[in-house]
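Written out below as structure tokens is the structure these notes cover.
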Amino acid sequence: MRQIAIVGSGPAGYYTAEAASKKWGNNVRVDVFDALPVPYGLIRTGVAPDHQSIKKVALRYEKTALSDNVRFVGNVRIGRDVTVAELRDLYDAVILATGAPDDRKLDLEGDQLTNVFGSAAFVGWYNGHPKFADLDPDFSGKHAVVIGMGNVALDVARILAKTASEMEGSDIVAHALEALKASTLETITILGRRGPHQIMMTPKELGELLELERAAPLVEKDDLPLADKDAELEPGVRKSVDLLRRFAELPPTRRSRATIGIDFKFFFGPRAFLGEDGKLKGLEIERMKVENGRAVGTGELKRLPADIAITCIGYRASPLGNVPFNERAGRFESTEGRIFPGLYCVGWAKRGPTGTIGTNRPDGYNVIELVSEDIGSGRSKRGRTGFDHLAEQRGLDIVTFKDWQKIEDAEIAAARTGAPREKFVDVASMIAAKR
Ligand code: NAP
């Protein structure tokens, strides 16, 4: 019997559990831990609430979670309730699938001003992550600035732009829906330090900006490279650039009909957040040029009005105890996922915040091959029984998958009309719902 602990119940965690279950069938026991009482990590608290079709992948994880050899162990924070060293004593293999929950920081003057947020916090707020439920962003100004030109920036800009009726059928949490209903924003500037050819936004998601009820995208024609240069681009990027060209050609009436403009501002990097009385009022930005693919400052500074700013410039994994950590890259130090025999990492915790949800599937299957090489048929560690004993000694209030199903039923029952669920946004309410 092999005893495996997976820390984190997001896509990387559940694909890894699926791989272990497929490989060893009844000869493995997999415990999937999560610090929250609810599973699915990024699917619940990262994927945009209006992208319900993406969230359907959770049904696949549910199938794994319900198999006899896999169990969910929620409401247990590894590193606080139980250490990694203790888990390693108990299980043949410990696999960290903890994602990249922290914001990469810009570290600019003024980043402590009110209404400056990182995307981990802001996305967590509208998705009901308990850690960010009290964020309280203020949308009473006119100008929002979203920094970065990846899919997270696009999610954030779209959520800021959508009307309440466009959010029907989504699972945006009530506190966010209410705050956004009162929004008076007129412009959402998406700031990119490089140009259209370096855009990280994918075409399907970018195309959604053309469908918005009250908002229209704007690209300055002068920012676009000559069209014959597009041929050099990789097909996905070329499609995104095609869309940027369409945005630049939208008739002025489309733009004047819109009450919110989504302005792509290429070739500008943020230099400082500017405030008055502790509150954000603008950004100092510097014109950039691209040299050998890199953004280089030109020294030309401008001021951009901003009442709220959200940095969407990537994420970092959270260090865990003494586990070797690559500070510069913001992920665990490993060789292809093996930190050392017995301890592994997978998903964003291993490779950093890149790729799609599906990228985590081969990642999970690969890490199980490493585990297999290292532990063979297992070393008769105590695994589950040992953990349950420890949990009882410490009085941990574990949430099982059955408990989660009760929490989920309560969330479904509380859903507003047309929405799939109304999420609990604090741990105490989640725990109360399981009882
Ligand atoms: P990302 O795709 O890496 O984009 C980060 C953006 O931040 C880039 O435009 C980058 O510019 C910019 N940036 C980084 N450091 C900066 C700095 N110091 N100053 C100014 N700009 C800076 O990351 P992401 O948007 O956080 O997305 C993470 C992953 O999740 C990606 O793989 C993404 O595709 C995926 N995702 C997918 C979906 C979806 O499929 N619907 C939704 C959300 C996220 P440079 O390029 O110049 O570095």
Side-chain angles (χ1 to χ4, degrees), residues 10-12 41-57 99-109 111 116-124 126-127 145-159 170 189-209 234 236-237 239-240 244 264-273 283-297 304 309-317 328-331 347-360 363:
L42 189 87
I43 301 297
R44 181 177 166 103
T45 60
V47 171
D50 58 340
H51 279 171
Q52 287 299 313
S53 58
I54 300 182
K55 290 187 192 246
K56 285 215 170 77
V57 71
D102 300 336
D103 276 308
R104 270 193 62 207
K105 297 261 188 282
L106 268 178
D107 277 333
L108 291 181
E109 189 189 318
D111 58 9
V116 177
F117 305 105
S119 53
F122 193 74
V123 170
Y126 62 60
N127 269 329
V145 176
V146 177
I147 301 171
M149 287 204 174
N151 280 330
V152 171
L154 201 47
D155 281 348
V156 167
R158 193 182 63 254
I159 298 297
S170 81
T189 302
I190 306 182
L191 197 68
R193 59 182 173 179
R194 299 192 292 161
H197 273 193
Q198 288 80 34
I199 194 146
M200 302 292 282
M201 297 169 175
T202 44
K204 183 174 163 292
E205 286 69 23
L206 197 54
E208 288 175 49
L209 295 190
E234 184 262 308
V237 183
K239 278 192 194 156
S240 290
L244 295 175
F264 284 79
K265 201 165 183 61
F266 290 103
F267 302 113
F268 275 96
R271 287 296 160 262
F273 296 97
L283 257 79
E284 184 177 70
I285 55 174
E286 180 180 4
R287 186 182 289 282
M288 312 295 280
K289 55 185 177 182
V290 178
E291 282 179 2
N292 299 322
R294 287 175 58 89
V296 181
L304 188 67
I310 300 119
T311 64
C312 305
I313 60 161
Y315 298 112
R316 295 169 60 81
R328 201 184 49 79
R331 53 177 156 73
W348 281 9
K350 176 193 111 179
R351 58 174 208 277
T354 57
T356 62
I357 289 162
T359 315
N360 295 299
D363 238 30

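A quick note: this is a predicted structure, and the numbers were derived from the prediction, not measured. Order of appearance sets the numbers: ligands from 1, and atoms from 1 within every ligand.
To the nearest 0.5 Å, atom CG of residue Leu304 and atom OG1 of residue Thr189 are 5.0 Å apart.
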message: Does Val237 form a side-chain contact (heavy atoms from CB on, under 4.5 Å) with His197? I'd like the steps, not just the answer.
response: CA-CA 7 Å; Val237 183; His197 273 193; 5.7 Å; no
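Asn360 contributes no side-chain N or O that, together with a main-chain N or O of Ala12, makes up a donor-acceptor pair within less than 3.5 Å.
Side chains of Gln198 and Phe266 form no contact here, defined as non-hydrogen atoms less than 4.5 Å apart.
Using a cutoff of 4.0 Å between basic side-chain nitrogens and carboxylate oxygens, Lys105 and Asp111 are not scored as salt-bridged.
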Pairs under 3.5 Å, nitrogen or oxygen of ligand 1 with protein nitrogen or oxygen:
{"from": "ligand 1", "atom 1": "7 (O)", "to": "Cys312", "atom 2": "O", "distance (Å)": "3.4"}
{"from": "ligand 1", "atom 1": "9 (O)", "to": "Met149", "atom 2": "N", "distance (Å)": "2.9"}
{"from": "ligand 1", "atom 1": "15 (N)", "to": "Arg193", "atom 2": "NH2", "distance (Å)": "3.4"}
{"from": "ligand 1", "atom 1": "18 (N)", "to": "Arg193", "atom 2": "NH1", "distance (Å)": "3.4"}
{"from": "ligand 1", "atom 1": "25 (O)", "to": "Asn151", "atom 2": "N", "distance (Å)": "3.3"}
{"from": "ligand 1", "atom 1": "25 (O)", "to": "Val152", "atom 2": "N", "distance (Å)": "3.0"}
{"from": "ligand 1", "atom 1": "32 (O)", "to": "Gly355", "atom 2": "N", "distance (Å)": "3.0"}
{"from": "ligand 1", "atom 1": "32 (O)", "to": "Gly355", "atom 2": "O", "distance (Å)": "3.1"}
{"from": "ligand 1", "atom 1": "34 (O)", "to": "Asn151", "atom 2": "ND2", "distance (Å)": "3.0"}
{"from": "ligand 1", "atom 1": "41 (N)", "to": "Glu205", "atom 2": "OE2", "distance (Å)": "3.3"}
{"from": "ligand 1", "atom 1": "46 (O)", "to": "Arg194", "atom 2": "NH2", "distance (Å)": "2.8"}
{"from": "ligand 1", "atom 1": "47 (O)", "to": "Arg193", "atom 2": "NE", "distance (Å)": "3.0"}
{"from": "ligand 1", "atom 1": "47 (O)", "to": "Arg194", "atom 2": "NE", "distance (Å)": "2.8"}
{"from": "ligand 1", "atom 1": "48 (O)", "to": "Arg193", "atom 2": "NH2", "distance (Å)": "2.8"}

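Counting non-hydrogen atoms of neighbouring residues, nucleotides and ligands closer than 6.0 angstrom, the CD atom of Glu109 reaches no more than 12 such neighbours.
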